[in-house]
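Before any comments, here is the structure.
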Amino acid sequence: MKGKKMIGNTEFQGKQKVIGLLNELQIGIGDISKVTGVSTRQLRYWEKKGYIQSLKTKTSQTRKYRLAEVYRVLMIKMYLDEGYNLAKAVEKANTTHKQLALLRKFEKLIASVEVTDQENEYGRINLQSTDKKQKVTGVLDESGSYFEVEDK
DNA sequence: TTTCTTACA
DNA sequence: TGTAAGAA
């Protein structure tokens, strides 16, 4: 079974494999603190308040964080830097988190992505709804960005 | 060396 | 929240 990856009882392949592997990542509190600029003291405090979560098992008493938690910490930190208090920053981060989750679901609308100009990073994104009654293409080229709509 | 908890400034 | 202390 080449190109596949077993995680638990589930087998992943292709994009799912990549996502599976990324979700397997476990980051220590020192590293997450270093990259986010949030102190270990804060991270432990936030966890105590229930704002973030870590994987603390019975065997190893050290905290490990999933990649999703790194994003969460970064977002909280971002809103904190913008002047929000901790509670409000967490609230904003949770909202952003949900928006990003929804955004990922919208990937299903993308039928294909074409890079038309490597140099300038121009391209076309073809959107296809499940009823296949409409086809919308988002275009990015030298004239700007626009949509092409086609009814079927 | 790093992390953990607790306690004090 | 930062920092120190003592243990793991």
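All of these numbers come straight from a predicted model, not from anything done at the bench. A, B, ... follow the sequence lines: proteins, then strands. Residue 1 opens every chain. FYI, side chains are in, hydrogens and waters are out, and symmetry mates aren't considered; it's all heavy atoms of this structure.
- A/Glu24 has its side chain out of reach of A/Leu67: every pair of non-hydrogen atoms, C-beta onward, lies at least 4.5 Å apart.
- The main-chain N or O of A/Tyr122 is never found under 3.5 Å from a side-chain atom of A/Asn120 such that the two would form a donor-acceptor pair.
- Contact detail for A/Tyr65 and A/Ser54: the closest heavy-atom pair is CE2-CB, 3.6 Å.
- Between A/Glu47 atom CD and C/dT1 atom P there is a gap of 15 Å when expressed in whole angstrom units.
- Between the C1' atom of B/dT3 and the CD1 atom of A/Ile32 lies a distance of 14 Å, rounded to the nearest Å.
- The backbone N or O of A/Val38 sits less than 3.5 Å from a side-chain atom of A/Ser33, completing a donor-acceptor pair.
- Ion pairing between A/Arg124 and A/Glu148 holds under the 4.0 Å rule for side-chain N and carboxylate O.
- Put simply, CD1 on A/Ile27 is 13 Å from P on B/dT3, counting in whole angstrom units.
- Listed here is the closest heavy atom pair of A/Ile32 and A/Ile27: N-CG2, 3.8 Å.
- Counting to the nearest Å, the P atom of C/dG2 and the CH2 atom of A/Trp46 are 10 Å from each other.
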What nitrogen or oxygen pairs link the protein and nucleotides 4-9 of chain B at under 3.5 Å?
unit_1 : atom_1 : unit_2  : atom_2 : d
B/dC4  : OP1    : A/Arg63 : N      : 2.8
B/dC4  : OP1    : A/Arg63 : NE     : 3.1
B/dC4  : OP2    : A/Arg44 : NE     : 2.9
B/dC4  : OP2    : A/Arg44 : NH2    : 2.5
B/dT5  : OP1    : A/Lys56 : NZ     : 2.9
B/dT5  : OP2    : A/Arg63 : NH2    : 2.1

Original post:
Which dot-bracket string describes DNA chain B (Watson-Crick N1-N3 plus N6-O4 or O6-N4, or G-U N1-O2 and O6-N3, all under 3.5 Å; [ ] crossing; | other strand)?
Top reply: .|||||||.

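- A salt bridge is defined here as a Lys NZ or Arg NE, NH1 or NH2 lying under 4.0 Å from an Asp or Glu carboxylate O, and A/Arg66 with A/Glu69 meets this definition.
- Salt bridge present: A/Lys88 and A/Glu91 bring a charged side-chain N and a carboxylate O closer than 4.0 Å.
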